[in-house]
Amino acid sequence: MNMKNQLTKFVYPVVMISWSLSLLLVMAQRNDTVSVKVGAVLDLSAGTVGKMGLSCINISLSDFYLSHSHYKTRLQFTFKDSKRDVVTAAAQVVGLIKNEQVQAIMGPTTTMEANFVISLGEKTHVPIISFSATSPSLTSLQSPYYFQIAQDDSAQVRAICAIVQAFGWKEVVPIYVDNSYGEGVIPYLTNVLQQAYIRIPYLSPISLSATDDAISKELYHLMTMQTRVFIVHMSPLLGSRFFTIASQIGMMGQGYVWIVTNGMANFFSTLNSSVMESMEGVLGVRPYIPRTKKLDDFKVRWKKKFLQEYPTLVDSKLDAFGIWAYDATTALAMAVEKVGAKSFGFGISKGSSNNVDLEKLSIAKKGEKLREALSTTRFRGLSGEFNVVGGQLQASTFEIVNVIGDVERKVGFWSPQRGLARTLEGQSIYSTSKNNLGTIIWPGDPYYIPRGWEIPTNGKKLRIGVAFKDYGYTEFVKVVRNPNTNSTEVIGFCIDIFKAALELLPYALSYEFIPFANPDGEMAGTYDDLVHQVNIGKFDAAVGDITITSNRSNYVDFTLPYTESGVTMVVPLKDNRKRNAWTFLKPLTLDLWVTTACLFVFIGFVVWVLEHKINNKFRGPAAHQIGTSLWFSFSMIVFADREKVVSNLGRFVVIIWAFVFLILVQSYTASLTSLLTIEQLRPTIPDVHRMNVGFLKGSFVYEILKNLGFQDQQLKVYYSPEECNDLFTNGSIAAAFDEVPYVKHFLGTYCSKYAMVEPTFKTGGFGFVFPKGSPLVADISRAILNVTQGNKMKTIENAWFKESICNSSSAEISSKNSLGLESFWGLFLLAGIASLLALLIFAATFLYQHKDIWSSGNNPTTSIWKRIGNLISIFNQRDLERHAFKETEISIGPHYGLGATETPQVEINPPTASTQIEANFSFYGDQPKKCPTLTMAMLMTMAMLFNANTKK
């Protein structure tokens, strides 16, 4: 005990001395610092944002100067209450500038208050620093003295768009507070959604002062629309009332999608538990503030201080605005220190002391430097990296939260670099996949992902306009009137396709057909007029034989086509087979006939040259040799040549020629068969541009014909297929232009008289019409694919159209059917090269063998023409040394082709077996003569040859 008392007596004086020294040091430091006046205009009378900002500013000052005690400047705040009033806020700012001569102003709280204050700051060079006004309309003022430390609302629209894209929703309805805060984000949201092909069919502004009845009325109006995806951008006070009413009238149930911006998502922790429960299933997007130990410590200290100052606000929690107020205060303190401690003040003001006198406001001397210092201030604060570019806090990552019960749960993140992600690590590419988000609880049913649209709950039927006419091809669509009941029934091919598609939808679609007709029963306009009625909302859709065109698709959406596309020409046919005696010449063109004939003569000449010296078949009088050569070449047509080719070069040429001619003969046969069987029917005219043509009344084909250069006097209108046939019959038109589905139906009726020929102009086929961006288009298009690719389509076609029995009338007929030289020049080139090569080899060999004759060395006096004559004479003689003339044969009498000085030779040789066989059998074509005598003679000859060889 004594020991303890002695220790106490010793420590107490030491502590007191240390505390005294610290106090003296602080006082000394304070004497060396300069106070810089700063104003703050906050909403301190209503709401918690202003009060939260006030406490965070004070804590930030205390923390900053505790850790930066060596700074020469100290911020001295003067706080003013704006009372959430624009005029009051402006008056307080003017008073702070004129009377207090503040160097910067924090606040005001709301966007509407900040609009006018920003202009005052620019006029006096006093920086305006806002930590709670988020509207992008403020930055559009382009004031260099405005610093928006809060995250700009326009930065979150891409995150919202990514969520909509992830679930494939095609329509959204923005609901926003009807003031500058709400309207500021709409242009940015609209632009981003339109770039992603997401339609905004309606904008729903709600006044800040709207009553519950007014809100209910607007919500009931939204219930009558198909769209079920809503983006809500409003303040927490109005948003709480809005969702409470929406829950009461049943709009927080299954099928609805609600996405709220950071205007409400930042305040989820401060909302009443009953309001949160009414918002179950809502998705919220808000800036992500990373959780750190420094932030956790600050939250504890802030909560303790806030409850001391406002004991009644027990449920208040720190949000992003309070954190931004803390960082904004730090940034301002750092910027003031950069500027320095001297010369802070204003120029001489010539205005009165009245706060509302704005004519003679003085200018802050250090305003320009303070603005530059704020723009270059960088540090890591409670909200993350503090980086202001162009007066705006740079966009960062957003977190996506889901309201479950009375609490919120984080389901993912969005960042400009990676898109949607479940975590902040691992993903390197931009993604909008819903698989990158956690499990989301949706309104009404946690396991049902809303498709984003529903049929209106008020029982309204879809008004479907029907395109019809009492002329033309009524099988496609027809309106039948019952005179007894004065009711109408819509029938036809197009109607059956539409009904079949609706049967395949996964939901029931209530609709009614409304004929697009005048009181007298006639169609109320053109097809373009009907499409326009869908565009302006008179009809919810339109069905019938409506062609998909680029012009119409600019203001309506079409389903996938359910018929073939294109506009084509129809012409009469005639049978040329019985009227043309020269049909056999048509398979080949004239140039091919001439080339083939020339090649016949050339091949005959080549074979004659190669065989003349060694083959008796190619010798004799000149006329005989010419005839034999041509006969040999032409007999290859039926492979009936009787002349035996004995030289190797000749055989080479014949083999190549036989191959070429085989292909030529087969091609001729196929082409002639086609002419005499398949292509019996031919278009009556090759060109219609100078003749009259017909088109169906009211068809857009008229515009196509005008673009093709047809004059009005050439264009004839018909009202039905029967009238079109009559125009052809009496010669009024030479051709008719119509859409492929109509033409096929026409050919099914008159298939033996007409054909569909070129040209064909591309169109989109028949499709059903819906308003631009209608969610029904995708579902019905998928259903149409199932109908057209299944047996149902064939059943519907058989019910309305005659089955065509034409073989080829539906095929396009070309005017060029003959085979030309371009198809065979390769073969002819092959035969020519082979023949020329054989001639060159023969000539080279012949000249080499008789080089003593053509060489001038032996007899220089012999003229060149004499030597050529000698070579020709030798060429005309038989080559007895060749194998062909060494074969045994009996040759009696004069030999054709011998020279005048030659003596006839008589050769007596025993007949050989080959000679006897050749005498009785032909190598090509002839059949052997079967008789006992001939057979016996052959056997005896073979026996004699065998005995002779044995003796040798």
So does [X] pair up with [Y], basic N to acidic O under 4.0 Å?
{"X": "Arg286", "Y": "Asp319", "answer": "no"}
{"X": "Asp297", "Y": "Lys293", "answer": "yes"}
{"X": "Lys72", "Y": "Glu337", "answer": "no"}
{"X": "Glu372", "Y": "Lys369", "answer": "no"}

Aromatic plane relationship, Phe230 with Tyr256 - under 30° parallel, 30 to 60° tilted, over 60° perpendicular: parallel
Can you tell me how far [atom2] of [Y] sits from [atom1] of [X], rounded to the nearest 0.5 angstrom?
{"X": "Glu113", "Y": "Thr111", "atom1": "CD", "atom2": "OG1", "value": "9.0 Å"}
{"X": "His125", "Y": "Ile97", "atom1": "NE2", "atom2": "CD1", "value": "11.5 Å"}
{"X": "Leu424", "Y": "Phe413", "atom1": "CG", "atom2": "CZ", "value": "4.5 Å"}
{"X": "Ile59", "Y": "Arg301", "atom1": "CD1", "atom2": "CZ", "value": "6.0 Å"}
{"X": "Gln92", "Y": "Asn99", "atom1": "CD", "atom2": "CG", "value": "10.5 Å"}
{"X": "Gln165", "Y": "Leu193", "atom1": "CD", "atom2": "CG", "value": "8.5 Å"}

Distance-only side-chain donor-acceptor flag, [X] / [Y], under 3.5 Å:
{"X": "Glu218", "Y": "Ser204", "value": "yes"}
{"X": "Asn272", "Y": "Ser274", "value": "yes"}
{"X": "Tyr146", "Y": "Gln392", "value": "no"}
{"X": "Thr109", "Y": "Ser132", "value": "no"}
{"X": "Asp178", "Y": "Ser207", "value": "no"}

Ignoring hydrogens, what is the shortest heavy-atom contact between [X] and [Y]? Give both atom names and the distance.
{"X": "Ile57", "Y": "Leu42", "value": "CD1-CD1, 4.4 Å"}
{"X": "Ala104", "Y": "Leu370", "value": "CB-CD2, 4.2 Å"}
{"X": "Pro287", "Y": "Trp324", "value": "CG-CH2, 3.8 Å"}
{"X": "Arg380", "Y": "Glu385", "value": "NH1-OE2, 3.0 Å"}
{"X": "Arg418", "Y": "Ala421", "value": "NH2-CB, 4.3 Å"}
{"X": "Met106", "Y": "Ala325", "value": "CE-O, 4.1 Å"}

Does any part of the side chain of [Y], heavy atoms only, come nearer than 4.5 Å to the side chain of [X], both counted from C-beta?
{"X": "Phe268", "Y": "Val260", "answer": "yes"}
{"X": "Ile400", "Y": "Leu420", "answer": "yes"}
{"X": "Leu222", "Y": "Tyr202", "answer": "yes"}
{"X": "Ser235", "Y": "Leu208", "answer": "yes"}
{"X": "Val49", "Y": "Phe267", "answer": "yes"}
{"X": "Ile198", "Y": "Cys161", "answer": "yes"}
{"X": "Trp414", "Y": "Gln156", "answer": "no"}
{"X": "Val257", "Y": "Trp442", "answer": "yes"}

For [Y], does its backbone N or O pair with a side-chain atom of [X] as donor and acceptor, under 3.5 Å?
{"X": "Arg422", "Y": "Leu437", "result": "yes"}
{"X": "Arg84", "Y": "Thr110", "result": "no"}
{"X": "Gln148", "Y": "Ser135", "result": "yes"}
{"X": "Thr190", "Y": "Pro187", "result": "no"}
{"X": "Asn402", "Y": "Arg409", "result": "no"}
{"X": "Ser247", "Y": "Phe243", "result": "no"}
{"X": "Thr139", "Y": "Pro136", "result": "yes"}
{"X": "Thr377", "Y": "Ala373", "result": "yes"}
{"X": "Trp258", "Y": "Met251", "result": "yes"}
{"X": "Asn262", "Y": "Ala265", "result": "no"}

Val41 vs Val117, side-chain contact (heavy atoms from CB on, under 4.5 Å): CA-CA, chis, key distance, verdict: CA-CA 10 Å; Val41 179; Val117 171; over 6 Å; no
Whether over 12 other heavy atoms sit under 6.0 Å from [X] [atom1]:
{"X": "Lys217", "atom1": "NZ", "result": "no"}
{"X": "Ile249", "atom1": "CD1", "result": "yes"}
{"X": "Arg291", "atom1": "CZ", "result": "no"}

is_close_aromatic(Trp302, Tyr326), centroid dist under 6.0 Å: no
side-chain contact (heavy atoms from CB on, under 4.5 Å) assessment of Lys410 paired with Tyr288: CA-CA 11 Å; Lys410 191 180 302 179; Tyr288 169 68; 4.0 Å; yes
Ile231: which of Ile163, Val157, Val172 passes side-chain contact (heavy atoms from CB on, under 4.5 Å):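 The side-chain contact (heavy atoms from CB on, under 4.5 Å) with Ile231 is passed solely by Val172 among Ile163, Val157, Val172.
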Worked check of side-chain contact (heavy atoms from CB on, under 4.5 Å) between Ile404 and Glu280: CA-CA 5 Å; Ile404 303 175; Glu280 185 170 35; 4.2 Å; yes
Phe242/Leu219 under side-chain contact (heavy atoms from CB on, under 4.5 Å): CA gap, chis, key distance, verdict: CA-CA 9 Å; Phe242 177 85; Leu219 287 173; 3.5 Å; yes
